Amino acid sequence: MQDKQKKITVRYFRQKKENSEKILALTAYDAPTAKFAEECGIELILVGDSLGMALLGYKSTIPVTIEQSLHHCAAVARGAKFAFIVGDMPFMTYHPSAKTAMVNAARYIQEAGVDGVKLEGGKSIAGTVGKLVKAGVPVMGHIGLLPQSVLTQGGYRIAGKTKDDEQRLVADAKALEDAGAFCVVLECIPAELSARITESLKIPTIGIGAGPKCDGQVQVVNDILGLFTDFIPKHTKRYANLSEEIKKAFTAYANEVRSGKFPGGENSF
Ligand code: KIV
């Protein structure tokens, strides 16, 4: 991370791209995780609407509300002092109109204390992105697989598999850059296409399932910690198996309470 005492700003990410240095991003939904992340060099913390699955027990991101998202954004903002924090605007909080997007984005900045917001979509929301940026809100774009479109797409699909789709994604990325987005997430896009998009843009690309050539990478924290146990998504890698560690600890605690071993004299007053 840059000088530990300095808060990261949007300019930092552009500089990293210019210097061909990778941008380190991760999701977090609470204060301690955010603090650990920045202590380990994570520069951008995304309070993703993956919150819905990671913490709230939903099957998709669709049910996540702005109040839930703001609540977790504020926790992350209290936990991280230096990382750039992005709040992920939930389903239907920016679609109805640019005005709705601006009113809601203001809540992320003013109430939750984050540094920017993320919106899913390319050309179709570039107008809204432009207005947000002109009003002073840093915007992270997000193209490729769009989890908030799961209902219309009928599932989660790799994007950019046809020539038309490829051209659309290249145009979407450019539209976001032209609108003033400070970076763009590329989710589940073939590596070769992501590399081309990355090369074509001045703003950084942050990949998840988009190959190694993106300017940075983002992962869902539950995936890399092994807290999501249903399966291991192809785009991720487990760096720990915390679900097993947690179960071991809970079992040991339950056994010791059952047997009377805990609390011992050292835990009593
Ligand atoms: O919600 C989220 O965590 C995201 C990432 C997958 C980029 O949007």
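The structure displayed is predicted, hence computed values, not measured ones. Just follow the structure's listing: the first ligand is 1, and inside any ligand the first atom is 1. Side chains included, hydrogens not; waters and symmetry mates left out as well; all remaining heavy atoms used. For reference, positions follow the sequence shown, starting with 1.
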Suppose I only count heavy atoms of [X] and a 4.0 Å limit; which atoms of ligand 1 are within that range?
{"X": "Asp88", "value": "1 (O), 2 (C), 8 (O)"}
{"X": "Ile208", "value": "6 (C)"}
{"X": "Thr27", "value": "3 (O)"}
{"X": "Gly48", "value": "1 (O), 2 (C), 3 (O)"}

[X]-ligand 1 polar pair, N/O distance under 3.5 Å:
{"X": "Tyr29", "result": "no"}
{"X": "Lys118", "result": "yes"}
{"X": "Asp49", "result": "yes"}

Value rounded to 0.5 Å, distance of OH in Tyr108 from CG in Leu70: 5.0 Å

Option set Val47, Leu46, Leu26, criterion heavy-atom distance to atom 5 (C) of ligand 1, minimum: Leu46

Atom 3 (O) of ligand 1: closest protein heavy atom, distance to 0.1 Å, is Ser50 OG, 2.5 Å

I'd like to know if the side chain of [X] reaches the main chain of [Y], judged simply by a donor and an acceptor atom lying under 3.5 Å from each other, with no hydrogens or angles considered.
{"X": "Tyr12", "Y": "Lys7", "answer": "no"}
{"X": "Thr205", "Y": "Asp215", "answer": "yes"}
{"X": "His95", "Y": "Met92", "answer": "yes"}

Could you establish whether Gln219 and ligand 1 come within less than 4.0 Å of each other, counting only heavy atoms on the residue side? no

Is the closest heavy-atom distance from His142 to ligand 1 below 4.0 Å? yes

Taking only Lys NZ, Arg NE, NH1 and NH2, and the carboxylate oxygens of Asp or Glu, determine whether [X] and [Y] approach each other closer than 4.0 Å.
{"X": "Glu18", "Y": "Arg11", "answer": "no"}
{"X": "Glu199", "Y": "Arg196", "answer": "no"}
{"X": "Asp164", "Y": "Arg168", "answer": "no"}

Out of Asp172, Val170, Asp178, Leu176, which residue meets the side chain to side chain contact (heavy atoms under 4.5 Å, CB included) rule with Lys174? Asp178

